[in-house]
Amino acid sequence: MDKKMKVGIFGSDYQKDKLPLIQRLFDKLEQLETVVYIQRDFYAFLTNILHYQPAIAGILDREFDLDMALSVGGDGTFLQTAVQINRQHIPILGINTGRLGFLADVGSDQIENTLDELLHHHYRVEERMLLKLHTEDAVFQGYNYALNEVAILKRDASSMITIHTFLNDEYLTSYWADGLVIATPTGSTAYSMSVNGPIILPLCDNIVLSPVAPHSLNVRPLVIPGSYKITLNVESRTHSFLVSLDGRSEIFSTGVQLTVSKADFVTLTIKRYHHTFYQTLHEKLMWGADKRVK
């Protein structure tokens, strides 16, 4: 007898109008006879807010044994799921219930077919680089890693900050800007892209430095090897600045030295065999589309 697949469901509480889709997901998992676990906060949202109580085998806390995780939401939900998976080497599939999704790239009309493929092990797993933020003090509740980007930013409407930047201990430049985005290839289509950073294929071993609204127009985004160590010293008139890891932010005081480097573990993402990153660019960014063609 084949071993039943153990699946964990993760989601957010921004999906009050997505109950029919969520029910379809659980119905299909039950039909496939998978063993379903659900993240505690998402279960509370389904039962208390949506008044829906799916059949599950248990609740997920910090450590768990799963064959795969399903992230139900947008890219933000996927990033939160990656935080909870941490180093447990469990692959994540992103089911998109939001809008623009690069990590959560399985559409609502693809749920049933995709789950059939998963049950028959017809999928591929990609290893995605993470960045680690090094500081003298413990930060970000011990999870100082980012799948998309580490962003150094000015606070609120304060004046620009100066970010003295070193690569492998050699001085690169001082960014006088609203901030600096340090992105992985996965994050090259997120915040970095919004500040005109380049798009990098997800499996490349590179890091992107993209300034946010730089004072000097000749300061351009820079692609560096993934093995490089980035050291940052920040000056600010307010004597403080923000550091954001995939949207999780903390306030830092000037005088603190920050170091960013590639993490010593990866996030595993599940991709359908017939769906490529190039197709995602076609669908999400309309590459190759001609508006003149009706």
Hey, could you give me the [atom1]/[atom2] distance between [X] and [Y], rounded to the nearest 0.5 Å?
| X | Y | atom1 | atom2 | result |
| --- | --- | --- | --- | --- |
| I22 | L19 | CD1 | CG | 6.0 Å |
| I163 | N233 | CD1 | CG | 11.0 Å |
| R220 | L209 | CZ | CG | 14.0 Å |
| Y175 | L222 | OH | CG | 5.5 Å |
| S71 | F78 | OG | CZ | 6.5 Å |

For this session: Answer yes or no: is there a donor N or O on one side and an acceptor on the other, between the side chain of E170 and the main chain of L167, under 3.5 Å?
Result: no
Problem set entry | Under 3.5 Å donor-acceptor, D75 side chain and F102 backbone | yes
Classify the angle between the aromatic ring planes of [X] and [Y] as parallel (below 30°), tilted (30 to 60°) or perpendicular (above 60°).
| X | Y | result |
| --- | --- | --- |
| H122 | Y273 | tilted |
| F265 | Y145 | perpendicular |
| H121 | Y123 | tilted |

Should [X] and [Y] count as an ion pair when the cut-off is N to O under 4.0 Å?
| X | Y | answer |
| --- | --- | --- |
| D116 | K28 | yes |
| K6 | D67 | no |
| D109 | R24 | no |
| D205 | K262 | yes |

Exercise. What about L70 and I85, same hydrophobic cluster or not, with Ile/Leu/Val/Met/Phe/Trp/Tyr joined at side-chain heavy-atom distances under 4.5 Å?
Worked result: no
For this session: Give the cluster check for I224 versus F166: same hydrophobic cluster or not, with ILVMFWY residues linked at side-chain heavy-atom distances below 4.5 Å.
Result: no
Going by atom types alone, do [X] and [Y] pair a side-chain donor with an acceptor below 3.5 Å?
| X | Y | answer |
| --- | --- | --- |
| S174 | T162 | no |
| S253 | H239 | no |
| Q39 | Q84 | yes |

Using a cut-off of 6.0 Å, state whether more than 12 heavy atoms not belonging to [X] lie near its atom [atom1].
| X | atom1 | value |
| --- | --- | --- |
| E30 | CD | no |
| R237 | CZ | no |
| Y228 | OH | no |
| H274 | NE2 | yes |

Problem set entry | With E126 via salt bridge (Lys or Arg N to Asp or Glu O under 4.0 Å) - residues at least two apart | R124, R128
For this session: Return the minimal non-hydrogen interatomic distance between D137 and T135, and the atom names on each side.
Result: O-OG1, 2.5 Å
Seminar exercise, completed: Contacts of E127 meeting side-chain contact (heavy atoms from CB on, under 4.5 Å) (sequence neighbours excluded), chain-then-number -> V266, L268
For this session: Apply side-chain contact (heavy atoms from CB on, under 4.5 Å) to L217 and list each qualifying residue two or more places apart in sequence or on a separate chain.
Result: none
For this session: Let me see the working for V72 and I9 under side chain to side chain contact (heavy atoms under 4.5 Å, CB included), right down to the final yes or no.
Result: CA-CA 7 Å; V72 185; I9 310 295; 4.0 Å; yes
Exercise. Side chains of N148 and L245: does their closest heavy-atom pair fall under 4.5 Å?
Worked result: no
For this session: Run the numbers on Y37 and I59 for side chain to side chain contact (heavy atoms under 4.5 Å, CB included), then give the verdict.
Result: CA-CA 6 Å; Y37 297 84; I59 301 293; over 6 Å; no
Problem set entry | Result of checking V7, I92, L60, V35 against L66 for side-chain contact (heavy atoms from CB on, under 4.5 Å) | L60
